[in-house]
Amino acid sequence: MSKVFVAGGSGRVATALIKDLVADGHQVIAGARHPEKIVQLAGVTPVTLDLHGDVAKIASLMAGADAVYFVAGSRGKDLLQTDAMGAVKTMQAAERAGIKRYIMLSSMYALQPEKWVDYPALAAITDYNIAKFFADNYLIHNTDLNYTIVQPATLTEEPATGKVTFGEGDDTTNPIPDVAQVLATVLANDNTIGKVIMMRSGDTPIDTAVKEV
C-alpha cells in the first residue's frame, strides 16, 4: 500500500483512477478546486487544491505521499494556469515534498507538434496540446522526478475494454476507464519510469501491455 496524491481529483479520468487506486489498496489524497465533487470512498481524503496558488501550499497538501498524479484539465478554459503552469507547479511541489514518483496524463503526440495537423482530433485541440507540450518537456528536462507520461488518444465516455495498443499509430480513441486503468497500473511497474506511453484502443490486455513497456 502507498499514499498517492491525485491533482485534478474531481475530473472524469480522476474519478475512475481513484476507484482503481483504492481497489489496488492505496490511500488517496485527491485535490481539486471543488473537493465536494471528488468521489466519496473509504481511503480517499479530499483536499482543496488551487493550481493558481503557490508551490509551497501545493507541497504541503502532498506531504507524506509516495507518488503524484497530474490528471487535472481545464477543458480549454484555463490552459496556461492549469494545464501548463499548474502541472509545472505540482512537479516543483513534488520535488519540494521529497516525492520522486510522478505520473502525468498528457495527450497523444503532445511532444511531436509536427503531427498535430495530421489528425483532425488533435488539430481541434491545438492550444491544449501546446500546454501539454510545455508541461511534458518541463517534466522530462527540468526535473529529477521518476516520471511516466501517458499520452492517450481521444477520450470517450464508453465502457472499459481492458485492452490497449501502445506506441505511435493512427489517431483513434480510448475509453476513459481504460486510460484510468493504465495510469493506475503504471504505478506498480517501475519499467515505465522515464517513459512516454502513447496509447490507443487495441487488443493487448492492459497488465500485459504495461509490463512490456
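Values in this document were obtained by computation on a predicted structure and should not be read as measured data.
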Chemist: What's the shortest heavy-atom distance between D20 and A184, and which atoms?
Modeler: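 D20 and A184 have their closest heavy atoms at CB-CB, 3.8 Å.
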Chemist: Give me each pair satisfying side chain to side chain donor-acceptor pair (under 3.5 Å) with a member in residues 109-119, each pair once, sequence neighbours excluded.
Modeler: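 Of all non-adjacent pairs touching residues 109-119, those that pass side chain to side chain donor-acceptor pair (under 3.5 Å) are Q112-E168, K115-E168.
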Chemist: Between D50 and K57, is there a side-chain heavy-atom distance shorter than 4.5 Å?
Modeler: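 Result no, sub-4.5 Å side-chain heavy-atom pair not found.
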Chemist: Given 3.5 Å as the limit, does a donor-acceptor pair link the side chain of Y69 with the main chain of L17, or not?
Modeler: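 It does not hold such a pair.
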Chemist: D83: which residues meet the side chain to side chain donor-acceptor pair (under 3.5 Å) condition with it, sequence neighbours left out?
Modeler: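 Testing D83 for side chain to side chain donor-acceptor pair (under 3.5 Å), a comparison that skips the adjacent residues, returns S74.
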Chemist: G8 and L49: which non-hydrogen atoms are nearest, and at how many Å?
Modeler: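 Shortest heavy-atom separation between G8 and L49 comes out as N-CD2, 4.1 Å.
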Chemist: Just list the side-chain donor-acceptor pairs under 3.5 Å for residues 205-213, sequence neighbours left out, or say none.
Modeler:
none

Chemist: Can you give each donor-acceptor pair under 3.5 Å made by side-chain atoms of residues 32-48, sequence neighbours left out, with the distance rounded to 0.1 Å?
Modeler:
none

Chemist: Taking the side chain as every heavy atom from C-beta outward, state whether V182 and N174 have any pair of such atoms under 4.5 Å apart.
Modeler: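 Heavy-atom side-chain distance check fails, nothing below 4.5 Å.
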Chemist: By the ring pair (Phe, Tyr, Trp, His ring centres under 6.0 Å) test, which pairs, at least two apart or in different chains, include something from residues 126-171?
Modeler: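 Checked against ring pair (Phe, Tyr, Trp, His ring centres under 6.0 Å) - neighbours excluded - no pair reaches residues 126-171.
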Chemist: Taking D66 for its side chain and K3 for its backbone only, find out whether a donor-acceptor pair lies under 3.5 Å.
Modeler: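 Yes; at least one donor-acceptor contact below 3.5 Å.
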Chemist: Strictly distance-based, threshold 3.5 Å: is any side-chain N or O of D178 a donor or acceptor partner for the main-chain N or O of G162?
Modeler: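 At least one qualifying donor-acceptor pair exists.
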Chemist: Kindly indicate whether the side chain of L80, heavy atoms from C-beta on, has any atom under 4.5 Å from the side chain of M85.
Modeler: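 Answer no - side chains too far apart.
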Chemist: Closest heavy-atom contact between A72 and T82?
Modeler: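 For A72 and T82, the tightest heavy-atom pair comes out as CB-CG2, 4.5 Å.
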Chemist: Could you tell me if the side chain of T143 sits less than 4.5 Å from the side chain of E95, heavy atoms only?
Modeler: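 Yes, their side chains come closer than 4.5 Å.
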Chemist: Which atom pairs, one a donor and one an acceptor, fall under 3.5 Å between side chains of residues 97-106 and the rest of the protein, sequence neighbours left out?
Modeler:
unit_1, atom_1, unit_2, atom_2, d
K100, NZ, D144, O, 2.6
R101, NH1, N146, O, 2.9
R101, NH1, T148, OG1, 3.0
R101, NH2, T148, OG1, 3.0
R101, NH2, V186, O, 3.4
R101, NH2, T192, OG1, 3.0
Y102, OH, A87, O, 3.4
Y102, OH, T90, OG1, 2.7
S106, OG, D136, OD1, 3.4
S106, OG, D136, OD2, 2.6

Chemist: Any side-chain heavy atom of S201 sitting closer than 4.5 Å to one from P175?
Modeler: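 Yes - at least one pair of side-chain heavy atoms lies under 4.5 Å apart.
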